Protein chains: 2
Amino acid sequence: MTVAVIPPYDPNMSRWEPNARGRLEEAALELYAERGFDETTVAEIAERAGLTERTFFRHFADKREVLFGGQDALLGIFVDTIADAPESMSPIDAVGAALQAVAPVFEGRHKLARRRQAVVAANPSLQERELIKLASIASAIAEALRGRGTGETAAKLTAEAGVAVFKVAFDRWINEGRKDELPQFIRESLDELKALAAGG
Amino acid sequence: MTVAVIPPYDPNMSRWEPNARGRLEEAALELYAERGFDETTVAEIAERAGLTERTFFRHFADKREVLFGGQDALLGIFVDTIADAPESMSPIDAVGAALQAVAPVFEGRHKLARRRQAVVAANPSLQERELIKLASIASAIAEALRGRGTGETAAKLTAEAGVAVFKVAFDRWINEGRKDELPQFIRESLDELKALAAGG
């Protein structure tokens, strides 16, 4: 009988490095804010987090991915929620449901999100990356809407409007002094868009 | 009595090089389409247009500016139209008026616009530039709306929605087989956005 002495493969190595990803993210954002994104190295991020560079690269392809890696996860939630929305739901409300579905991802991350935004705002190439990511989210939403039978023009317009609502809601959540959580800002911003489009 | 033998300064040198800017633009788009944007030099553009490199640089800062130079002019029209819109006009309709105000710029330019879009679509760095330009147009529109008293959230949402309408309308104008002109596509797309936001 062979006794397994090697633990099962765990890509996060979480057994030995609890919450390595979160620690790396926090260390990276601190350093980007302190020294600037361009001036920060992966070695410094790993050191600040008390981890190795190898561990960093197990979690992130590069230092930019610390800022943008989460958006791919968002994209999946957007797309799945729209695909699963009841047929009777209008495109704009399916997108509204998708925006609400991603909100829990940001629970407890207000400070990190705020710091991330400041880092991106300070660096034109990161701003470009942000625009590209948002455009790819809009494309994915439009595709998901077409998948449930929404016409071409309506799919594109609704997707762009949805991303605009998300951007505005997120920005308000980060920067307004109010205690409300992201879902409340999403709801308000979507309602405001509807009122505005009604010519109000 | 001194006779003026030097003609008055004319930055476009239009007296000797009729429509130099248009000829350079057409030559550039042809070459970008034939060889790719990165592979085309300013010398080649000037040669194809039958003009000098010096003339090229009198009209465009670089070869990328051939594709994006016009957007600064659009921005001015957007902003002025919104600023001049009657106070009683809703933000979305002021933006609609601004979209209509830029439409004449594209009259007779269907073929050029179509070629330009293909060149941009084939080159990721040009796509990034396009996204940045559109984002700056949205910012300028939001600013113009705030200038007439629209609130922060409403200004941002309306500006983003307006840019989305313009993008979609422009894309349809370029790619749909219909004979309609751009203003018609803008009208239809704006109406569709309104209907969509109403949950239709």
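We name chains A, B, ... by the order of the sequence lines, and we start the count at 1 in each one. Worth saying up front: this structure is predicted, and the values here are computed from it rather than measured.
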**Message:** Is there a continuous path of hydrophobic side-chain contacts, each under 4.5 Å between heavy atoms, that joins Leu75(B) to Val95(B)?
**Reply:** yes
**Prompt:** Mind checking whether Leu145(B) and Leu134(B) sit in one hydrophobic cluster, side chains of I, L, V, M, F, W, Y counted as touching below 4.5 Å?
**Reply:** yes
**Message:** Tell me whether Val102(A) shares a hydrophobic cluster with Met89(A), the cluster being built from Ile, Leu, Val, Met, Phe, Trp, Tyr side chains joined at under 4.5 Å.
**Reply:** no
**Prompt:** What are the two closest non-hydrogen atoms of Leu196(B) and Ile92(A), and how far apart are they?
**Reply:** O-CG2, 3.2 Å
**Item:** Which portion of Ala154(A) sits near chain B, non-hydrogen atoms under 4.5 angstrom
**Value:** both
**Prompt:** Between Leu131(B) and Glu128(A), is any pair of side-chain heavy atoms under 4.5 Å apart?
**Reply:** no
**Over 12 foreign heavy atoms within 6.0 Å of CD, Glu47(B)** = no
**Message:** Taking CD in Glu39(B) as the centre, count heavy atoms belonging to other residues, nucleotides or ligands within less than 6.0 Å. Is the count above 12?
**Reply:** yes
**Spatial distance of atom CD (Glu152(B)) from atom CG (Asp171(A)) [nearest 0.5 Å]** = 8.0 Å
**Asked** Out of curiosity, does Val79(B) fall in the hydrophobic cluster containing Ile132(B) (side-chain heavy atoms, cut-off under 4.5 Å, transitive links)?
**Response** no
**Exercise: identify the closest heavy-atom pair between Leu193(B) and Ala161(A)** = CD1-CB, 4.3 Å
**Asked** Measuring heavy-atom distances to chain B, does Val165(A) have an atom under 4.5 Å in its side chain, in its backbone, in both, or in neither?
**Response** both
**Message:** For a 4.5 angstrom cut-off between non-hydrogen side-chain atoms, does Thr153(A) reach Glu188(B)?
**Reply:** no
**Message:** Minimum heavy-atom separation for Lys194(A) and Ala197(B), please, with both atom names.
**Reply:** CG-O, 3.1 Å
**Request:** Using a cut-off of under 4.5 Å on heavy-atom pairs, state which of Glu160(B), Lys156(B), Glu192(B) scores highest against chain A.
**Result:** Glu192(B)
**Item:** Heavy-atom neighbours of Glu53(A) CD exceed 12 at 6.0 Å
**Value:** yes
